[in-house]
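Everything below concerns the one structure shown next.
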Amino acid sequence: MGPRRWLEIGFGGGEHLAHLAALHPEVSFIGAEAFQNGVAKLLAEIEARQLRNIRIHYGDARELLEALPDASLNRIYLLYPDPWPKERHKKRRMIAPETLNHFHRLIARDGRFFFASDIPDYVDWTREHVSTNGGFDEVSRNTAEPFENWTRTRYEAKAVREGRAPAYLEFRIL
Ligand SMILES: C[S@@+](CC[C@H](N)C(=O)[O-])C[C@H]1O[C@@H](n2cnc3c(N)ncnc32)[C@H](O)[C@@H]1O
């Protein structure tokens, strides 16, 4: 097996990505983020912690999904994607049939897709889309429990402070 490669989509301030990269120097990380301030924050963190295993795609993560070769990732993290709550905006959600087709193509055998959200409707939406895709199995876990080696981002802290309960879903590629 070649080097392990994990992707985080929409890493925001990069807290979770930097945390995982520091814990796993043997893994190559890619972070995709469209928001310039977020990229700048992660760059500062990379410098401060002397991290050598993160590459950044500054722009739309979907461009990166198109460009990456088959089975080139072992994990994809999509944490607190923008909720787009209005019915007419839901088509803008990151979880969509095309994105899941890419995830399925990109994640190597036995790989995982990790999803977290504080929006129950988005959690249901994700389960439905994943089930329609048919190429993933939901790993049975306590969805109120964060993933292993978790670190709370500012975004998550705000959601919890405002009374929203996070759900953490893990899917295995079939
Ligand atoms: C609600 S924030 C969550 C940030 C972070 N994942 C966290 O949990 O703290 C969603 C992030 O996704 C980014 N984003 C939204 N659409 C994106 C896209 N198409 N490509 C890359 N990043 C995107 C936004 O800029 C924003 O930083």
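Predicted model, so just to flag it, every value in this text is computed and none were measured. Both counts, for ligands and for their atoms, begin at 1 and track the order of listing.
- Short contacts between ligand 1 and Phe35, defined as distances under 4.0 Å to a heavy atom of the residue, involve ligand atoms 25 (O).
- For the pair Phe11 and ligand 1, the shortest N or O to N or O distance does not fall below 3.5 Å.
- When His89, Lys90, Lys91 are each tested for a side chain to side chain donor-acceptor pair (under 3.5 Å) with Glu87, only one passes: Lys90.
- For the pair Arg62 and ligand 1, a heavy-atom separation below 4.0 Å is found.
- Relative ring orientation between His16 and Trp150 is described as tilted, the plane-to-plane angle lying within the 30° to 60° band.
- At a threshold of 4.5 Å between side-chain heavy atoms, the hydrophobic network of Ile, Leu, Val, Met, Phe, Trp and Tyr places Met94 and Trp84 in two separate groups.
- Using cut-offs of 30° and 60° for the angle between ring planes, the His24 and Phe29 rings count as tilted.
- Under 4.0 angstrom from ligand 1, there are no non-hydrogen atoms of His16.
- Looking at atom 20 (N) of ligand 1, its nearest protein heavy atom turns out to be Ala61 N, 2.8 Å.
- Between atom 7 (C) of ligand 1 and the options Asp82, Asp118, Asp60, Thr153, the minimum heavy-atom separation is to Thr153.
- Between Phe114 and Phe147, the ring planes are perpendicular. Angles over 60° get that label, and only those under 30° would be called parallel.
- Near Gly59, meaning under 4.0 Å from any of its heavy atoms, are these atoms of ligand 1: 20 (N), 21 (C).
- Comparing heavy-atom distances from atom 6 (N) of ligand 1 across Gly31, Gly10, Ala157, Gly13 singles out Gly10 as nearest.
- Among protein heavy atoms, atom 2 (S) of ligand 1 sits closest to Tyr80 O, 3.6 Å.
- Considering backbone and side-chain atoms together, Glu33 places an N or O closer than 3.5 Å to an N or O of ligand 1.
- Salt bridge status for Arg127 with Glu138: present, with a side-chain N to carboxylate O gap under 4.0 Å.
- One finds the CG atom of Leu51 at 11.0 Å from the CG atom of Leu20 (value rounded to the nearest 0.5 Å).
- Formation of a donor-acceptor pair under 3.5 Å by the Thr126 side chain with backbone atoms of Tyr122 is found in this model.
- By the criterion of a heavy-atom distance under 4.0 Å, neither the backbone nor the side chain of Arg154 is placed next to ligand 1.
- Counting protein heavy atoms only, atom 22 (N) of ligand 1 is closest to Ala34 N, 3.3 Å.
- Summary of contacts: the protein heavy atom closest to atom 17 (C) of ligand 1 is Met94 CE, 4.0 Å.
- Within the model, atoms OG of Ser28 and CG of Leu7 stand 12.0 Å from one another, a figure rounded to the nearest 0.5 Å.
- Residue Pro81 has no N or O atom closer than 3.5 Å to an N or O atom of ligand 1.
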